[in-house]
Enquirer: 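Dropping a structure here in structure tokens format, bear with me for questions.
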Amino acid sequence: MKAVCIEKFGLDGLALVDRPDPLPPKKGELLVKLKAVSLNFRDLLMIKGLYNPAQPLPLIPCSDGAGEVIAVGEDVESFKVGDRVVGCFFQNWIAGPYQKEYGKSALGGPLDGTLAEYIYLKEQGALLIPSHLSFEEAATLPCAALTAWNGLFEQAQLQPGQTVVVQGSGGVSLFALQFARACGAEVIFLSRKDEKIEKAKKMGAREGINIAQNRHWSQKIRELTGDRGADVLVNVLGVDLDESIQSLKFGGMICAIGILGGFKTEVDVVPILMRQVKIHGIYVGNRSLFIGMNRAIEKLRIKPPIHEVFPFHAYKEAFSLLESGEHFGKIVIKIGD
């Protein structure tokens, strides 16, 4: 089978290689012919050796993929040949709070990931694709969509009429926008580019703030909320925590999701204490949450935002676009025909 492997760290270390054709799946496993893969910032960090410098190589990168079941192992009851499925990022996290050992079951590091023609998935590590979604659309769900869903509804307990602040125009942010609007919440969208703000408004954002032109953007948020502050802020940058804290209501929550702006930042702890702000780290989510999210996506006919679909051989171009930050929505690689 064809697979993209990290042979050495760095984008130049990616190579399309031949690996042995897959054998029949083991007990409790599915063999899936992948049709589409979506990219996450984590994948780029893994490729560069920044996510886990101790990660053994070679490694097939990428965590998100969708495809068709072509064989099932002994005792598999939930799936049959021909089913359209999507893999869970954590193959072993079924329900309940996250535990350290679940990290060993993550696709795209430490386990081989989805940027290949075939993959084995555990029966408990796969779900049926919502019926109205294509393979390309479904491939965006396991990390970006589930992270947004977990943050807004499991952790922040978002309610209709509340206000959500969303940073950036990647998959997590735009799923958060869609999910928040679907439940009747209002969204304030943050970006450095006016054209992205306009696109977000067309998707339902009530207001947008150009943070390149407004260094103290928390003041703008307070103005837009009648000085009350937002209920929830989806932080994908990792930085600007002081501004994030100041933009929230008393008792509001920051869903700390990404590190697009860097791994470290300084923060004044006094406003955290005085404003009783909660900062909750979000690490994707479990299978149980994924099931509930897919049910909502299908019921509401939500369509994932895709910026561009690349052919398999153009994987380096796809990662270069991800690195540039110029995209609005998910970047997808189509596998095969």
Enquirer: So, the side chain of Lys330 versus the backbone of Leu39: is there a donor-acceptor pair under 3.5 Å, distance only?
Expert: yes
Enquirer: Look up atom CD in Gln219 and atom CG in Leu224, then write down how far apart they are to the nearest 0.5 Å.
Expert: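 If I round to the nearest 0.5 Å, the distance is 12.0 Å.
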Enquirer: Atom NZ of residue position Lys201 - does it have more than 12 heavy atoms of other residues, nucleotides or ligands inside 6.0 Å?
Expert: yes
Enquirer: Donor-acceptor pair, Gln162 side chain versus Ala185 backbone, under 3.5 Å?
Expert: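 Not confirmed, Gln162 side chain does not pair with Ala185 backbone.
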Enquirer: Sequence neighbours left out, what passes salt bridge (Lys or Arg N to Asp or Glu O under 4.0 Å) with Glu186? Give chain and number order.
Expert: Arg206
Enquirer: How far apart are the C-alpha atoms of Tyr283 and Tyr102, what are their side-chain angles, what is the distance that settles it, and do they pass the ring-ring contact (aromatic ring centres under 6.0 Å, His included) test?
Expert: CA-CA 11 Å; Tyr283 195 12; Tyr102 298 148; over 10 Å; no
Enquirer: Is there a donor-acceptor pair closer than 3.5 Å between any side-chain N or O of Tyr51 and the backbone N or O of Phe41?
Expert: no
Enquirer: According to salt bridge (Lys or Arg N to Asp or Glu O under 4.0 Å), does anything in residues 289-315 pair up with another residue at least two apart or in another chain? List the pairs.
Expert: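 Qualifying pairs, neighbours excluded: Glu137-Lys303.
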Enquirer: Measure across Phe189 and Lys196 and return the closest heavy-atom pair with its distance rounded to 0.1 Å.
Expert: CE2-O, 3.7 Å
Enquirer: If every non-hydrogen atom of Pro110 is compared with every non-hydrogen atom of Gly103, which pair is closest and at what distance?
Expert: CD-O, 3.3 Å
Enquirer: Check whether any side-chain heavy atom of Asp43 sits under 4.5 Å from a side-chain heavy atom of Ser63, and report yes or no.
Expert: yes
Enquirer: Side chain of Gln159, backbone of Gln157: donor and acceptor closer than 3.5 Å?
Expert: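 Flag set: sc Gln159 to bb Gln157 pair under 3.5 Å.
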Enquirer: Please report the closest heavy-atom contact between Cys62 and Phe319, naming both atoms and the distance.
Expert: SG-CZ, 3.7 Å
Enquirer: Heavy-atom count check: over 12 atoms from other residues, nucleotides or ligands less than 6.0 Å from Lys220 NZ?
Expert: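 No, not enclosed.
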Enquirer: Under 3.5 Å, which donor-acceptor pairs link side chains of residues 9-23 to any protein atom two or more places apart or in another chain?
Expert:
residue	atom	partner	partner atom	Å
Asp18	OD1	Lys2	NZ	2.9
Asp18	OD2	Lys2	NZ	3.4
Arg19	NH1	Asp112	OD2	2.9
Asp21	OD1	Met1	N	2.9

Enquirer: Determine yes or no for a side-chain-to-main-chain donor-acceptor pair under 3.5 angstrom, with Asn150 supplying the side chain and Leu146 the backbone.
Expert: no
Enquirer: Keeping Asp227 on the side-chain end and Arg222 on the backbone end, is there a donor-acceptor pair under 3.5 Å?
Expert: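 Checking the backbone N and O of Arg222 against the side chain of Asp227, no donor-acceptor pair under 3.5 Å is found.
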Enquirer: Let me confirm one number: the CG-CZ distance from Leu248 to Arg228, rounded to the nearest 0.5 Å.
Expert: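 Interatomic distance, Leu248 CG to Arg228 CZ, rounded to 0.5 Å: 10.0 Å.
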Enquirer: Going only through I, L, V, M, F, W and Y residues with side-chain contacts under 4.5 Å, is there a path from Leu133 to Ile291?
Expert: yes
Enquirer: Quick one: does Leu115's side chain get under 4.5 Å of Phe312's, heavy atoms only?
Expert: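 Result yes, sub-4.5 Å side-chain heavy-atom pair found.
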Enquirer: Hey, could you give me the CG/CZ distance between Leu141 and Phe89, rounded to the nearest 0.5 Å?
Expert: 15.0 Å
Enquirer: Within the 4.5 Å heavy-atom criterion, are Ile197 and Glu207 side-chain neighbours or not?
Expert: no
Enquirer: Is any side-chain heavy atom of Leu34 closer than 4.5 Å to one of Phe135?
Expert: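 No; the side chains remain at least 4.5 Å from each other.
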Enquirer: Can you pull out every salt bridge (Lys or Arg N to Asp or Glu O under 4.0 Å) where at least one residue sits in residues 80-104? Sequence neighbours excluded, please.
Expert: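 For residues 80-104, and leaving out neighbouring residues, the salt bridge (Lys or Arg N to Asp or Glu O under 4.0 Å) pairs sorted by first residue read Lys80-Asp83.
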Enquirer: Answer yes or no: is there a donor N or O on one side and an acceptor on the other, between the side chain of Asp75 and the main chain of Gly28, under 3.5 Å?
Expert: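 Such a contact is absent between Asp75 side chain and Gly28 backbone.
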Enquirer: Do Val4 and Ile60 share a hydrophobic cluster (ILVMFWY, side-chain heavy atoms under 4.5 Å, transitive)?
Expert: yes
Enquirer: Report the C-alpha distance between Leu128 and Val85 in whole Å, list the side-chain angles of each, state the deciding distance to 0.1 Å, and finish with yes or no for side chain to side chain contact (heavy atoms under 4.5 Å, CB included).
Expert: CA-CA 4 Å; Leu128 293 173; Val85 298; 4.2 Å; yes
Enquirer: Would Val309 and Leu321 show up in the same hydrophobic cluster when neighbours are defined by side-chain heavy atoms closer than 4.5 Å?
Expert: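 Result: no, two separate clusters.
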Enquirer: So do Leu177 and Val234 actually touch side chain to side chain, heavy atoms under 4.5 Å?
Expert: no
Enquirer: If only atom types and distance count, is the side chain of Asn40 paired as donor or acceptor with the main-chain N or O of Arg42 below 3.5 Å?
Expert: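 Not at all, since once roles are kept as given, no pair shorter than 3.5 Å links the two residues.
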Enquirer: Counting distance only, does the side-chain N/O of Gln167 pair as donor-acceptor with the main-chain N or O of Val236 below 3.5 Å?
Expert: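 It does hold such a pair.
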Enquirer: Would Met253 and Val172 show up in the same hydrophobic cluster when neighbours are defined by side-chain heavy atoms closer than 4.5 Å?
Expert: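 Looking at the clustering, Val172 is in a separate group from Met253.
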Enquirer: Same hydrophobic cluster for Val332 and Phe175, using side-chain heavy-atom links shorter than 4.5 Å among ILVMFWY?
Expert: no
Enquirer: Give the intermediate values and the outcome of side chain to side chain contact (heavy atoms under 4.5 Å, CB included) for residues Gln213 and Asp194.
Expert: CA-CA 10 Å; Gln213 299 171 5; Asp194 289 336; 4.0 Å; yes
Enquirer: May I have all residue pairs that pass salt bridge (Lys or Arg N to Asp or Glu O under 4.0 Å) and include part of residues 46-66, sequence neighbours excluded?
Expert: Lys48-Glu323
Enquirer: May I have all residue pairs that pass salt bridge (Lys or Arg N to Asp or Glu O under 4.0 Å) and include part of residues 148-177, sequence neighbours excluded?
Expert: none
Enquirer: Within a strict 4.5 Å, meaning less than it, do heavy atoms of the Trp93 and Ser105 side chains meet?
Expert: no
Enquirer: Are the side chains of Asn286 and Phe90 in contact, using a 4.5 Å heavy-atom criterion?
Expert: no
Enquirer: What closest approach, in Å, do Gly65 and Val86 show between heavy atoms, and which atom pair accounts for it?
Expert: O-CG2, 3.4 Å
Enquirer: Roughly how far apart are Gln124 CD and Leu30 CG, rounded to 0.5 Å?
Expert: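 Result: 10.5 Å between the selected atoms.
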Enquirer: To the closest 0.5 Å, what do you measure between CG (Leu174) and NE2 (His327)?
Expert: 8.5 Å
Enquirer: What pair of heavy atoms forms the shortest contact from Leu300 to Ala182, and how long is it?
Expert: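 Heavy atoms only, the tightest pair is CD1-CB, 3.8 Å.
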Enquirer: Once rounded to the nearest 0.5 Å, what's the spacing between atom CD1 of Ile272 and atom CD of Gln246?
Expert: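 Rounded to the nearest 0.5 Å, the CD1-CD separation comes out at 10.0 Å.
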Enquirer: Would the distance check show the side chain of His307 and the main-chain N or O of Gly329 forming a donor-acceptor pair, the cut-off being under 3.5 Å?
Expert: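 No, the answer is negative, given that no donor and acceptor are paired below the 3.5 Å cut-off.
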Enquirer: If you count heavy atoms of other groups shown closer than 6.0 angstrom to CD of Glu77, is the number above 12?
Expert: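 No, not enclosed.
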Enquirer: Determine, stepwise, if the pair Met293 / Phe179 fulfils side chain to side chain contact (heavy atoms under 4.5 Å, CB included).
Expert: CA-CA 10 Å; Met293 179 189 74; Phe179 291 155; 4.0 Å; yes
Enquirer: How close do Thr140 and Pro304 get, counting heavy atoms only, and between which atoms?
Expert: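 Closest heavy-atom pair between Thr140 and Pro304: OG1-CB, 3.2 Å.
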Enquirer: Is there a side-chain contact between Cys88 and Arg287 in this structure, where contact means two heavy atoms from C-beta onward sitting under 4.5 Å apart?
Expert: yes
